[in-house]
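Order of appearance sets the numbers: ligands from 1, and atoms from 1 within every ligand. Numbering of residues begins at 1 and proceeds along the displayed sequence.
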Amino acid sequence: MGAIGAATVHLVETPIVLPFAILTERTGIGILHQIPLPRWVNILLACVVMDYTLYMWHVLVHKHPWLWRFHVVHHADLDLDASTAVRFHFGELIISIPWRLAQIAVIGTSPQVLIIWQTATLVSILFHHSNAYLPAAVERGLSRLLVTPRMHGIHHSVAHDEVNSNWSSGLAVWDRLHGTFRLDVPQEAITIGVPEYPVPGDVTLQRMLALPFVARNLNTGDRAERRPPETAPPDAR
Ligand SMILES: [Zn+2]
């Protein structure tokens, strides 16, 4: 899944997105190209706004049923670790291209910022999907600024009130501002995955690649009407 994703990024996304950033810089399209700022302020500001608009995209792929069909592949992983960070359906990577182009065009993201932000985001998602154990005090302190493994682990829970939290990908501040931040679920209490695909046989490479096109009765990411298995009434078990 990671290899297909990497090939999609290199063969489809980068050849579209990077030249677009070069073009918008040349033509001065985008807010930050219009405001004269010190270089480092421009880079910092652009990275922060790119991170916030990625938060918005992440909420969207959970809320919109059609987008969730692709993003669910990432959440279906039953064993959360750094490899989950690259486990995205290639379709989701392609669908995100128009959003990325809009980010670049509106914000005025230079090619240099784009590369810095993409690299920082990749490091961040490898880190917060990892199974690295950090003491609770370190998690608490770090999550004041950045997304931590325990924080993002809650987002990968099967429970709908837990998956609908911690949408940030870089800075944790977006969840804090939107009231979607939580750190109150112990890691060992979390069941990782999505309720529809509870066993390893459900999440093979072949099934995951086909899933967005064949899935039936797939609830959206908020799954408001669906109870998590552990709280389902006895007659539903
Ligand atoms: Zn998600």
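Gln118 and Arg100 are not linked by any side-chain donor-acceptor pair at a separation below 3.5 angstrom, with hydrogens and angles left out of the test.
Protein contacts to the Zn ion (ligand 1) involving N, O or S atoms at a distance below 2.8 Å are His58 NE2, His62 NE2, His71 NE2, His75 NE2, His155 NE2.
Residues Leu45 and Ile107 have side chains not in contact (no heavy-atom distance under 4.5 Å, counting atoms from C-beta outward). Taking the side chain as every heavy atom from C-beta outward, Val73 and Phe88 never approach each other to under 4.5 Å. Between Met208 and Leu211, some side-chain heavy-atom pair lies under the 4.5 Å cut-off. Contact check for Leu171 versus Arg176: no side-chain heavy atoms found under the 4.5 Å cut-off.
Evaluation of the ring-ring contact (aromatic ring centres under 6.0 Å, His included) test over residues 113-149, restricted to residues two or more places apart or in two chains, returns His74-His129, His128-His152, His129-His152, His129-His156.
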